[in-house]
Amino acid sequence: MSIEKNVVVENEVIEAEIVNPNEIVLSTGKKVTKRERRGQHHIVESRLLSACSIKGDGTGVTVGDLILASDIKVAVAIGEIDGTKQKIPASLSEVYELAGEFTYEEWEELKIELQKDKKEMEEKAKNLQASIGSDSELM
């Protein structure tokens with residue numbers, strides 16, 4: 001005597017959220033999309049940095065200048081906030097306005113997340129350079 005077994009397999013729907021590598025979700029739920037940075041963004045960023053670092057007293061670069069430079073880089077990197085497109089800040093006051101969209105903690109979290117991306121890119125660049133050989137090996 002044989003026993004037949006009917007096996008019914010239910011179709012399982014596996015939901016996978018598509019992750020945008022350019023999107024940063026802050027702990028508060030706010031979503032920030034990084035801007036695809038192109039050549040003109042570098043020029044705008046450099047112009048802003050130079051305009052903000054003008055010193056009349058000849059004291060040179062201060063810690064505050066370095067922090068401001070970091071904040072400018074963050075502001076230029078922001079493409080969208082919660083799906084709303086953001087224009088590239090062209091003045092320090094526009095950097096302040098953009099930063100005003102975030103709480104103090106959110107801004108710090110965003111800076112840290114963007115720094116992580118920078119470190120990952122630098123590490124990948126080092127690995128790539130090691131895999132193709134350094135300039136000294138080519139000469």
Side-chain angles (χ1 to χ4, degrees):
M1 175 169 133
S2 70
I3 300 175
E4 289 185 39
K5 294 184 179 179
N6 293 327
V7 179
V8 177
V9 177
E10 293 183 31
N11 291 334
E12 289 184 37
V13 177
I14 300 173
E15 293 183 22
E17 186 175 333
I18 298 173
V19 178
N20 180 349
N22 292 322
E23 186 175 79
I24 298 170
V25 180
L26 302 177
S27 60
T28 57
K30 187 175 283 186
K31 293 181 181 182
V32 178
T33 304
K34 295 182 289 185
R35 180 182 313 283
E36 179 187 356
R37 296 179 59 170
R38 317 242 338 137
Q40 70 268 26
H41 302 125
H42 181 72
I43 293 168
V44 169
E45 183 178 287
S46 297
R47 183 177 164 265
L48 253 175
L49 290 169
S50 64
C52 295
S53 66
I54 296 173
K55 293 258 186 252
D57 58 4
T59 58
V61 178
T62 65
V63 172
D65 293 331
L66 297 175
I67 293 170
L68 179 59
S70 174
D71 289 334
I72 289 171
K73 288 179 176 288
V74 168
V76 171
I78 297 171
E80 294 180 9
I81 302 171
D82 288 333
T84 304
K85 289 193 181 286
Q86 303 296 312
K87 73 175 196 161
I88 300 171
S91 67
L92 189 54
S93 63
E94 290 178 357
V95 173
Y96 292 147
E97 288 175 22
L98 185 57
E101 297 290 324
F102 299 90
T103 65
Y104 190 91
E105 291 77 17
E106 287 173 333
W107 189 259
E108 286 299 314
E109 186 179 349
L110 182 58
K111 284 170 63 171
I112 290 168
E113 288 299 319
L114 289 171
Q115 187 66 26
K116 284 180 189 176
D117 290 346
K118 181 180 176 187
K119 286 180 183 177
E120 286 176 15
M121 284 191 303
E122 288 172 351
E123 189 61 37
K124 287 178 183 177
K126 285 179 187 177
N127 290 341
L128 180 61
Q129 184 178 10
S131 69
I132 62 171
S134 66
D135 290 341
S136 62
E137 291 175 350
L138 297 174
M139 293 183 177

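Quick note: residue numbers are just sequence positions, from 1. Just so it is clear, the values below take in all heavy atoms, side chains as well, and ignore hydrogens, waters and symmetry mates.
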Asks: Is there side-chain contact between Leu98 and Ile81, with at least one heavy-atom pair below 4.5 Å?
Replies: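 Yes, side chains in contact.
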Asks: Any pair with a residue in residues 90-103 that passes salt bridge (charged side-chain N to carboxylate O under 4.0 Å, His left out), sequence neighbours left out, goes on the list, sorted by first then second residue, please.
Replies: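 The answer is Lys87-Glu94.
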Asks: Nearest 0.5 Å, what's the CD-CD distance between Glu113 and Glu106?
Replies: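 Here the interatomic distance stands at 12.5 Å.
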Asks: What heavy-atom pair brings Pro89 and Leu48 nearest, and what distance separates the two atoms?
Replies: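 Pro89 and Leu48 have their closest heavy atoms at O-CD1, 3.4 Å.
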Asks: Any side-chain heavy-atom pair from Asn22 and Glu36 closer than 4.5 angstrom?
Replies: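 A side-chain contact is absent here, since even the closest heavy-atom pair is not under 4.5 Å.
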Asks: Thr28 versus Phe102: any side-chain heavy-atom pair under 4.5 Å?
Replies: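 Not touching, per the 4.5 Å side-chain cut-off.
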Asks: What's the spacing between Ile88 CD1 and His41 NE2 if we round to 0.5 Å?
Replies: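 Reported value, rounded in 0.5 Å steps: 3.0 Å.
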Asks: I'd like to know if the side chain of Arg35 and the backbone of Ile78 have a donor-acceptor N/O pair within less than 3.5 Å.
Replies: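 Side chain of Arg35 to backbone of Ile78: a pair is present.
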Asks: Closest approach of Val95 and Asp71, non-hydrogen atoms and distance?
Replies: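 Shortest heavy-atom separation between Val95 and Asp71 comes out as CG1-O, 4.5 Å.
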Asks: Could you work out, with side chain to side chain contact (heavy atoms under 4.5 Å, CB included) as the rule, every residue matching Glu80, not counting sequence neighbours?
Replies: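 For Glu80, the residues satisfying side chain to side chain contact (heavy atoms under 4.5 Å, CB included) (neighbours in sequence not counted) are Thr33, Lys85.
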Asks: Same cluster or not: Tyr96 versus Leu49, using hydrophobic residues (I, L, V, M, F, W, Y) connected whenever any side-chain heavy atoms lie under 4.5 Å apart?
Replies: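 Both belong to a single hydrophobic cluster.
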Asks: Return the minimal non-hydrogen interatomic distance between Lys111 and Ile67, and the atom names on each side.
Replies: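 For Lys111 and Ile67, the tightest heavy-atom pair comes out as NZ-CG2, 4.3 Å.
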Asks: Distance check, rounded to the nearest 0.5 Å: Leu114 atom CG versus Lys73 atom NZ?
Replies: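 Spacing of CG (Leu114) from NZ (Lys73) equals 11.5 Å.
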Asks: What's the shortest heavy-atom distance between Ala90 and Arg47, and which atoms?
Replies: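 So the two residues come closest at O-NH1, 3.4 Å.
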